[in-house]
Amino acid sequence: MTDAKPDTILTHAGTSPFDHHGIVNPPVYHASTVLFPNVAALEAADAAPFDTINYGRIGTPTSQALEGAVAELEGGYNAVTAASGLAAIATALSAFTKAGDHVLITDSAYGPTRRFCSEVLGRFGVAVDYYDPLIGAGIAALIRPTTRIVYLEAPGSLTFEVQDVPAIAAAAKTVGATVLMDNTWATPLYFRPFDHGVDVSIHAATKYIVGHSDAMLGLMVCSEAAYEPIKRTAVRFGTCAGPDDVYLGLRGLRTLSVRLKRHGQAALALANWLANQPEVERLLYPARPDDPGHALWRRDFTGASGLFSAQFRPCPKPAIAALLDSLKLFGIGYSWGGFESLALPVHPRSIRTATRWTHPGPLVRFHAGLEDIDDLIADLDQGFERLRAAIRSGADSP
Ligand SMILES: *Cc1c(COP(=O)(O)O)cnc(C)c1O
């Protein structure tokens with residue numbers, strides 16, 4: 001299906017009904033031991049350890065169905081499944097580094113990605129530098145002869161900076177560094193990393209691909225050159241995922257496009273409503289024309305998903321708690337990408353090192369779920385009344 005459009009790939013990739021009694025969906029293989037009919041077959045499988053199914057940990061037809069489907073959708077060569085997004089990130093970063101190497105990580109990376117780099121890669125003798133996500137081609141000044149990985153995430157976690165992916169990838173290629181990108185926010189549908197110089201596209205499939213807040217799953221989608229080192233490292237680490245969770249990823253894929261469209265519509269409506277509240281200073285959502293990353297986002301992305309942040313004007317902490325505690329439709333919790341709306345106070349100041357987050361007011365990250373948009377806005381409306389009451393009572397108290 002090389003000419004098929006994304007919605008068609010989503011609907012049919014990874015299925016082969018007539019290999020399975022005509023049943024539409026692929027079976028869920030629960031496997032550890034894989035039997036061979038004779039010693040010759042065993043030896044043939046052992047000679048190609050990364051390509052043949054010779055043990056449950058190496059892969060099953062279920063994991064291969066998901067990997068093939070996501071690679072086809074994103075335009076990669078093949079993919080490798082992991083038990084979580086973070087396991088995929090850790091495996092991918094390990095695949096290209098050794099002691100004495102240097103890696104460049106965007107300052108806007110997901111917090112646990114930074115902790116893996118600083119605490120684990122650092123312990124193994126890899127030098128880790130963080131860079132301004134908006135550095136663009138200027139990253140050339142930070143690249144060393146020993147730079148093996150340039151790691152991107154766009155838009156950035158919590159703060160949604162849009163990176164100039166092609167400019168950064170081009171600079172990385174001058175020393176042969178591998179370009180890794182966390183593409184979780186955009187999903188394979190709204191950003192095509194392989195068209196922009198990325199070698200490995202990483203997904204927390206836990207988020208939109210699974211899409212129902214009920215499984216942990218990671219994916220590394222690879223260029224042809226990156227696949228062998230990634231698969232080899234995954235096999236060495238024992239990186240794999242449970243078959244039921246892999247199946248939930250495959251099932252989630254089928255509806256990804258329609259869900260994302262709705263998440264994006266709702267997010268834009270909520271962001272626009274929030275932008276009109278006097279307590280909100282600005283929105284961090286590249287789909288809004290006033291976002292500093294809007295032009296780059298329009299150039300390289302084909303849509304926006306449902307996650308964004310709102311920067312509040314300075315106000316007492318209990319007032320934000322009063323707002324969030326009063327919301328009936330927005331849960332307070334980590335993760336995102338499920339069907340439900342979420343609101344979470346977030347604190348980029350404490351994790352940045354290459355750049356400084358100087359805004360004094362609180363930051364709240366919202367995930368727009370699939371609820372009725374008017375109901376979500378009504379919920380926010382009553383929440384802002386609580387916020388205002390809390391600000392007033394704070395001002396009245398001695
Ligand atoms: C959640 C998240 C991850 C980690 O995924 P898990 O499946 O929770 O380990 C990685 N990157 C981004 C951008 C995320 O939001």
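Both counts, for ligands and for their atoms, begin at 1 and track the order of listing.
Every atom of ligand 1 with a heavy atom of Met216 under 4.0 Å away is listed here by number and element: 6 (P), 7 (O), 8 (O). Here is the list of ligand 1 atoms found below 4.0 Å of a heavy atom in Glu153: 13 (C).
Counting non-hydrogen atoms of neighbouring residues, nucleotides and ligands closer than 6.0 angstrom, the CZ atom of Arg313 exceeds 12 such neighbours. Atom CZ of Arg298 is surrounded by 12 or fewer heavy atoms from other residues, nucleotides or ligands within 6.0 Å.
Ring to ring, Trp336 and Tyr208 are close: their centroids are under 6.0 angstrom apart.
Distance check, rounded to the nearest 0.5 Å: CG of Asn54 to CG of Leu42 gives 8.0 Å. Note: Leu104 CG to Leu180 CG = 12.0 Å, rounded to the nearest 0.5 Å. Residue Asn78 holds its CG atom at 6.0 Å from CD of Glu67, rounded to the nearest 0.5 Å.
At under 3.5 Å, a nitrogen or oxygen of Lys207, whether backbone or side chain, sits near a nitrogen or oxygen of ligand 1.
Looking at Trp336 against ligand 1, only its side chain comes within 4.0 Å, counting heavy atoms. Contacts with ligand 1 closer than 4.0 Å are made by side-chain heavy atoms of Ile89 only, the backbone lying farther away.
For atom 5 (O) of ligand 1, the nearest non-hydrogen atom from the set Ala204, Ser84, Gly156, Ala87 belongs to Ala204. Proximity annotation for atom 11 (N) of ligand 1: of Asp182, Val210, Thr184, Leu219, Asp182 comes nearest, heavy atoms only.
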Indicate every side-chain donor-acceptor pair of residues 120-136 with a distance under 3.5 Å to a residue at least two apart or in another chain.
residue : atom : partner : partner atom : Å
Arg123  : NE   : Glu119  : O            : 3.3
Asp129  : OD2  : His102  : NE2          : 3.0
Asp129  : OD2  : Arg144  : NH2          : 3.0
Tyr130  : OH   : Arg114  : O            : 3.1
Tyr130  : OH   : Ser118  : OG           : 2.7
Tyr131  : OH   : Tyr151  : O            : 2.8
Tyr131  : OH   : Gln163  : NE2          : 3.2
Asp132  : OD1  : Leu134  : N            : 2.8

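Ile89 and Ile351 end up in different hydrophobic clusters when Ile, Leu, Val, Met, Phe, Trp and Tyr side chains are linked at under 4.5 Å.
Atom 6 (P) of ligand 1 has its closest protein heavy atom at Gly85 N, 3.3 Å. Ranking the protein heavy atoms by distance from atom 4 (C) of ligand 1 puts Tyr110 CE2, 3.4 Å first. Counting protein heavy atoms only, atom 7 (O) of ligand 1 is closest to Thr206 OG1, 2.5 Å. Distance from atom 9 (O) of ligand 1 to its nearest protein heavy atom, with residue and atom name: Leu86 N, 2.8 Å.
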